[in-house]
Amino acid sequence: MNPIRAIRGMNDILPDEALRWREVEETAARLLASYGYGEVRLPLVEQTDLFRRSIGEVTDIVEKEMYSFEDRHGDSLSLRPEGTAGCVRAAIQQNLLASPCRLWYGGPMFRYERPQKGRQRQFHQIGAEAFGYAAPDIDAELIALSARLWRQLGIDDAVRLELNSIGAPEARARYREALVSYLAQHRDALDADSQRRLESNPLRILDSKDAGTQAVLDGAPALADYLDAEAAADFERLCSLLDAAGIAFVHNPRLVRGLDYYNKTVFEWVTGALGAQGTVCAGGRYDGLVAQLGGKATPGIGFAMGLERLVLLREALGVAPAVTAPDLYVVAVGDAAERVALAETERLRDALPTARIHRHAGGGSFKSQLKKADRSGAPLALVWGDDEVAAGEVVLKPLRGGEQRRLPLGELAAALAETMTQGH
RNA sequence: GUGGCCGUAGCUCACCAGGUAGAGCACCGGAUUGUGGCUCCGGAGGUAGGGGGUUCGAGACCCCUCGGCCACCCCA
């Protein structure tokens with residue numbers, strides 16, 4: 001009988017790696033709170049319609065990547081493929097939009113894609129959304145927040161900011177027409193995927209990886225020339241705010257977004273260190289989405305970062321935290337010693353609440369227990385045998401050099417406190 | 001959904017004209033009746049991802065399938 005395996009693309013995160021995740025998550029949570037973002041915890045499942053109406057009917061996500069199913073009442077539900085839609089839904093439903101508000105969330109997202117480096121079917125994002133701010137200063141602040149996060153995570157040298165404006169929907173529609181009519185004349189020079197996108201999603205052709213297609217695009221009309229006046233002015237303002245804040249960026253006029261709800265500002269933080277899936281964080285403005293989902297017209301902007309990719313990047317750069325050894329390893333041989341050791345270890349935990357104490361479990365000889373103590377990486381061991389128990393003492397044994405000594409139980413906590421502070 | 005490479009012990013990998021599996025590390029035990037790290041000795045651990053085919057004989061060859069990695073696509 002074959003053992004049951006995890007679902008393809010849905011990974012277990014084991015202790016050593018969970019430690020790295022926790023550091024990223026806690027750093028982000030702390031920073032978001034410091035910028036005034038409040039955490040929201042949102043359902044993993046929403047009505048399928050929420051995603052159809054926000055992300056867009058003709059996107060790959062909605063067409064072929066959602067985990068959708070009918071519940072027992074016959075309603076179509078979907079595992080969330082991204083976080084913004086649910087956050088907007090919650091903001092409308094819970095009446096959070098009366099005045100401007102800043103929210104953040106984290107958790108798993110689901111897309112039925114072929115797994116590869118930096119891409120899995122259950123992946124994890126932390127996202128931030130700001131509602132009710134129409135002016136581009138919030139765009140700059142949100143980007144500054146992310147830039148600060150990269151510094152705190154030690155990856156700022158490995159990521160670059162790409163920025164663009166895709167304008168108002170009407171301007172984009174005019175541009176799309178111009179682009180399609182130009183590209184249609186060069187249809188044969190486009191790669192097969194781009195030919196297909198000519199009908200489905202022509203703007204996505206702009207960020208095609210195909211060299212021939214990119215060559216054709218060199219002569220194409222530029223999105224920047226079609227921007228509405230407001231978007232152009234806001235973009236200029238955003239660039240100057242970023243300059244003033246000392247945040248470097250590159251204007252990538254071919255940067256577009258895969259989700260339909262974006263307008264004006266779009267941006268991505270990308271790295272070359274992760275292979276093909278180099279986008280570590282992406283976002284943009286979505287001024288029409290709240291109204292589109294039935295709320296009072298409210299501008300919005302947000303971004304989402306991919307936890308897997310951030311963790312991978314930190315590992316690649318060697319800035320991930322090392323696994324920490326325990327401070328103390330407790331060894332006890334024999335029933336009486338085990339009884340004393342368990343009780344005394346509990347008292348030690350009272351006296352030294354932050355100490356990482358690994359009490360050996362499961363018995364075994366002195367030899368085997370000390371071998372485990374050594375392997376654990378702990379600098380110190382506590383050893384109990386029949387002799388120590390009879391004498392009311394315990395052996396404090398340095399594992400990285402130094403002589404072991406026996407001391408009365410009453411002196412143990414103080415001796416340990418001293419030894420451990422010396423070690424730090 | 002498409003393509004390339006790859007699945008042998010817990011891990012990293014060997015063997016291979018096709019003749020019914022081996023090393024290092026890790027694990028367990030001993031040398032050392034209660035003391036780790038070094039050394040030596042021993043032990044356990046594999047239906048060679050799964051299924052089918054060719055063959056006297058398949059881990060090696062063929063097919064299917066599952067899984068992994070990377071890329072396309074998509075995107076965090």
| message | What I want to find out is whether A/Asp327 reaches A/Arg356 closely enough, with some N-O distance under 4.0 Å, to be called a salt bridge. | response | yes
| Under the salt bridge (charged side-chain N to carboxylate O under 4.0 Å, His left out) rule, what pairs show up with a residue in residues 267-293 of chain A, not counting sequence neighbours? | A/Asp139-A/Arg285, A/Arg257-A/Glu268, A/Arg285-A/Asp287
| message | Just to be sure I understand the rule, does A/Ala373 reach a base, reach only the sugar-phosphate, or reach nothing, if contact means heavy atoms closer than 4.0 Å? | response | nothing
Solution key, residues 174-183 of chain A side-chain donor-acceptor pairs under 3.5 Å, sequence neighbours excluded:
from: A/Tyr175; atom 1: OH; to: A/Pro221; atom 2: O; distance (Å): 3.0
from: A/Ser181; atom 1: OG; to: A/Ala178; atom 2: O; distance (Å): 3.1
from: A/Tyr182; atom 1: OH; to: A/Val216; atom 2: O; distance (Å): 2.6

| field | A/Glu23 bridged to A/Arg20 by N-O distance under 4.0 Å | value | no
| Salt bridge flag under 4.0 Å for residues A/Glu129 and A/Arg102 | no
| Within the distance-only criterion (no hydrogens, no angle test), does the side chain of A/Asp12 pair as donor or acceptor with the backbone N or O of A/Leu14 below 3.5 angstrom? | no
| field | Inter-nucleotide P distance (B/C15, B/G30), Å rounded | value | 37 Å
| request: Could you give the distance separating B/A48 and B/A23 at their C1' atoms, to the nearest angstrom? | output: 16 Å
| How would you label the contact of A/Val280 with the nucleic acid (heavy atoms, under 4.0 Å): base, sugar-phosphate, or nothing? | sugar-phosphate
| Salt-bridge criterion met for A/Glu65 and A/Arg121 (N-O under 4.0 Å) | no
| message | Please determine whether a side-chain nitrogen of the Lys or Arg among A/Glu199 and A/Arg197 lies less than 4.0 Å from a carboxylate oxygen of the Asp or Glu. | response | no
| field | P gap between B/C27 and B/G68, integer Å | value | 29 Å
| said: Please encode protein proximity along nucleotides 30-39 of chain B as a string of B, S and -, counting only heavy-atom distances under 4.0 Å. | reply: -B--BBBB--
| task | Considering only atom P, compute the distance from B/C56 to B/A44 and round it to an integer number of Å. | result | 36 Å
| Using atom P of each nucleotide, how far apart are B/G10 and B/C28 to the nearest Å? | 16 Å
| query | Using a 3.5 Å cut-off on both pairing distances, which stems of three or more Watson-Crick or G-U pairs include RNA chain B? | reply | B:1-7 with B:66-72, B:10-13 with B:22-25, B:27-31 with B:39-43, B:49-53 with B:61-65
| said: Rounded to whole Å, please give me the gap between CD1 in A/Ile126 and C1' in B/A76. | reply: 12 Å
| message | Check A/Asp207 with A/Arg254, please: is the shortest side-chain N to carboxylate O separation under 4.0 Å? | response | no
Contact list (N/O, under 3.5 angstrom) for nucleotides 68-71 of chain B vs protein:
from: B/G68; atom 1: OP2; to: A/Arg8; atom 2: NE; distance (Å): 2.6
from: B/C70; atom 1: OP2; to: A/Lys117; atom 2: N; distance (Å): 2.7
from: B/A71; atom 1: OP1; to: A/Ala276; atom 2: N; distance (Å): 2.8
from: B/A71; atom 1: OP2; to: A/Gln116; atom 2: NE2; distance (Å): 2.9

| remark: From NZ of A/Lys64 across to P of B/C74 the rounded distance in Å is 8 Å
| query | At under 4.0 Å between heavy atoms, what does A/Gln122 touch on the DNA or RNA strands: base, sugar-phosphate, or nothing? | reply | nothing
| field | Atom pair distance, as rounded to whole Å: CD in A/Glu82 and P in B/C74 | value | 18 Å
| Could you give the CD-to-C1' distance, from A/Gln195 to B/C72, as a whole number of Å? | 16 Å
| request: Return the value, rounded to whole Å, for the distance between atom CG of A/Asp191 and atom C1' of B/U2. | output: 14 Å
| query | Within this structure, what is the CD-to-P distance between A/Glu113 and B/U2, rounded to whole angstrom? | reply | 15 Å
| Pairwise C1' distance for B/U54 and B/A58, with rounding to whole Å | 10 Å
| Can we say A/Arg349 and A/Glu346 salt-bridge, meaning some charged N sits less than 4.0 Å from an Asp/Glu carboxylate O? | yes
| Is there any salt bridge (charged side-chain N to carboxylate O under 4.0 Å, His left out) pair reaching into residues 80-94 of chain A, and which pairs are they, with sequence neighbours excluded? | A/Glu46-A/Arg89
| said: Can you confirm whether the side chains of A/Trp269 and A/Thr279 place a donor and an acceptor under 3.5 Å from each other? | reply: no
| note | Rounded to whole Å, the CE-C1' distance (A/Met305 to B/A76) equals 10 Å
| Expressed as a whole number of Å, how far does the P atom of B/C61 sit from that of B/G19? | 12 Å
| field | Sidechain N-carboxylate O distance under 4.0 Å for A/Arg405, A/Glu403 | value | no
| request: Report the distance from atom CZ of A/Arg111 to atom P of B/C73, rounded to the nearest whole Å. | output: 16 Å
| message | Say we look at B/G59 and B/U47: how far apart would their C1' atoms be, to the nearest angstrom? | response | 12 Å
